[in-house]
There are 2 protein chains.
Amino acid sequence: MSTLTSPKGGSPAPFPMEIQRDSDQPVYTQLADILRQQILAGIFQPGQKLPSEAMLVDTYNVSPMTVRRAINLLAAQGIISTAHGRGTFVKEVQLSNAAFYLQDLKELFNSEGTTVVKLIEARFLPADERVSRKLQIKPGVRAIYIRRLLTVEDQPAFYHRGYLIYDPTRPVVESEFQVTDLKGLFRGSGNPLIKSGELSLEATVLNEEEAGILQVPLHTPGMVLEHTFYDFRDKPVSWGWFVCTNQHLRLYTRVGFEQTYGTRDERIR
Amino acid sequence: MSTLTSPKGGSPAPFPMEIQRDSDQPVYTQLADILRQQILAGIFQPGQKLPSEAMLVDTYNVSPMTVRRAINLLAAQGIISTAHGRGTFVKEVQLSNAAFYLQDLKELFNSEGTTVVKLIEARFLPADERVSRKLQIKPGVRAIYIRRLLTVEDQPAFYHRGYLIYDPTRPVVESEFQVTDLKGLFRGSGNPLIKSGELSLEATVLNEEEAGILQVPLHTPGMVLEHTFYDFRDKPVSWGWFVCTNQHLRLYTRVGFEQTYGTRDERIR
DNA sequence: AAGTGGTCTAGACCACTAT
DNA sequence: TAGTGGTCTAGACCACTTT
């Protein structure tokens, strides 16, 4: 079998360069892996053209559809790009391709055992101008104001404040402020009424109240993650924001080639 | 023809609920749109099961492969999830699904005409402990230190500092600090030598130098976008960081259903 | 055993691009 | 016109889950 030594530090681990018909791994991911390795090895360099799909069909003895799936997979991973009628090309690494994923806050989502959500306050509050605008209710109408503290290993990490629509005909919403586990909190309102949400992330400097709650010095730099959730009638259900120090919110990501092999298939459009 | 009124505010715009065989739009995206609309209309609610693929094949008179593509597309968009042997289910909106995309910094990437990169300084500097660690070179070895200011409509927006490996045998790297347009800057080193990059984003408070350059008050909250790029031998090529105020770096995103259909470019994952 | 998603085939036809 | 990517078919077989 033809192999290729791993490009990473000359480790002797060989990489199969032929389709293993009896493997557990699907043929299309095998082919994607082979092409990715060839790109990594410099056989196909950024900007250059890959073999045509018909060529790949012949070379690897697979059907056109299987070649397409491999190509689509690599395209979805941002490694290559296709141009109708021209060919398939290896992409150059671009900073602008980067994406930061909230789920990468492993500290929060993995260590669920040590993450505790504590309800500080929950009460009715007449909507001021800001709340009335965000929740699309009339000023003065009662909303539910909640304050929560998320602690990781007994250390304050996230301070969450928010307003919920108070609607006696929708008791599900009311149940939200009883949520004390992290999963429920990060699932929006913890019920299937949510159709969409808007999020924004920006830098801030902790004010006195926030610094006190999070037990850090005044004017510590931090991040604010603001969120608004909408129901299936596109009406706001809740508006709130998390405040934290950069000790607890630092987003990481990578561009270019990843060592982990994706499982996704279709390209998002 | 069977139609469904748009779920957005009772607008009379109808949405076709059958496959248009003569349409420009591919069948699989048409089917994905139909299913998405049915979910939005509440016909299939979060947590509930979608019709089986065999059912969809019969209902819409398309081949199994085409149904699969539609399903895969919706799964890649995070709207549904599949469970082998059990079925396909409508997902609930989850905060943790959110992703922030750097390319959404439209301010920077769209207004290229008004965005100017100005080189403030470029000189050799012996690597201190930190630089030696980040660039994996011996302490004292000369690196190129560069400082740049990005202005948007004549207003200071991003302050960029970085270190480049100085290697006379690789003149392409040297050329980087001559980059004065934004595209080149955001393309890593602007050459196809880059294999991957690591990025991190965190909150900060601007120090005296940064506040002076960006012409804002001292201790203004801001963000730091740190980046390290690696070549095809996995050796660091450059290390640097952008500093800006939240006036210029505020990340937005959405979870759940989007209002735009089928115009998105490819995204990673 | 029945139902479900997952993979794969071996073609066909179309649309776009370059020559 | 030739080469390329893009879509689509009508089945087949497999693996997983539930009954």
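The sequence lines fix the lettering, A, B, ..., with proteins before strands; numbering per chain opens at 1.
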Before you tell me yes or no, could you show the steps for A/Glu198 and A/Tyr230 under side-chain hydrogen bond (donor to acceptor under 3.5 Å, both in side chains), namely the whole-Å CA-CA distance, both residues' side-chain angles and the distance that decides it to 0.1 Å?
CA-CA 8 Å; A/Glu198 290 170 355; A/Tyr230 299 86; 3.3 Å; yes

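Note on ring orientation: taking the six-membered ring where Trp is involved, the planes of A/Phe158 and A/Phe242 are perpendicular (angle over 60°, cut-offs 30° and 60°).
By the 4.5 Å heavy-atom criterion applied to side chains, A/Phe229 and A/His227 are counted as neighbours. In this structure, B/Ser196 and B/Phe232 have side chains that are not in contact, with every pair of non-hydrogen atoms separated by 4.5 Å or more. A/Ile71 is listed as a side-chain neighbour of A/Leu56, based on a closest heavy-atom distance under 4.5 Å.
One interatomic measurement links the two molecules: CG of B/Leu50 to P of C/dG3, which rounds to 19 Å at whole-angstrom precision. The distance between atom CG of A/Asp58 and atom C1' of D/dT4, rounded to the nearest whole Å, is 14 Å. The NE2 atom of A/His84 sits 16 Å away from the P atom of D/dG3 (whole-angstrom rounding). If you measure from atom CD of B/Glu53 to atom P of D/dC16, you get 16 Å, rounded to the nearest angstrom. We find that CG of B/Asn72 is positioned 13 Å from P of C/dC8, with the value rounded to whole Å. With rounding to whole Å, A/Ile19 atom CD1 is found 14 Å from C/dT7 atom P. Counting to the nearest Å, the P atom of C/dC8 and the CG atom of A/Leu31 are 10 Å from each other. One can place CG of A/Asp22 at 16 Å from C1' of C/dC8, the figure rounded to the nearest angstrom.
Listed candidates were D/dC8, C/dT17, C/dT9. Nearest to the side chain of A/Ser63 is C/dT9. When each of C/dT7, D/dT4, C/dG11 is scored by its nearest atom to the side-chain atoms of A/Arg69, the top-ranked nucleotide is C/dT7. Which of C/dT17, D/dT18, D/dC8 sits closest to the side chain of A/Met65 comes down to D/dC8.
Close to D/dG5, at under 4.0 Å from its OP1 or OP2, lies a side-chain N or O of A/Thr88. A close approach under 4.0 Å does not occur between any side-chain nitrogen or oxygen of B/Thr66 and OP1 or OP2 of D/dT7. Contact annotation: B/Tyr28 does not reach the phosphate of D/dC8 (side-chain N/O to OP1 or OP2, under 4.0 Å).
The 5' end of DNA chain D is approached more closely, in terms of each residue's nearest nucleotide, by A/Gly87 than by the other of A/Pro64 and A/Gly87. Sequence order on DNA chain C of the closest nucleotides to B/Ala83 and A/Val27 puts B/Ala83 first from the 5' end. Remark on DNA chain C: of its neighbouring residues A/Arg21 and B/Gly85, the 5'-side contact belongs to B/Gly85, judged by nearest-heavy-atom nucleotide.
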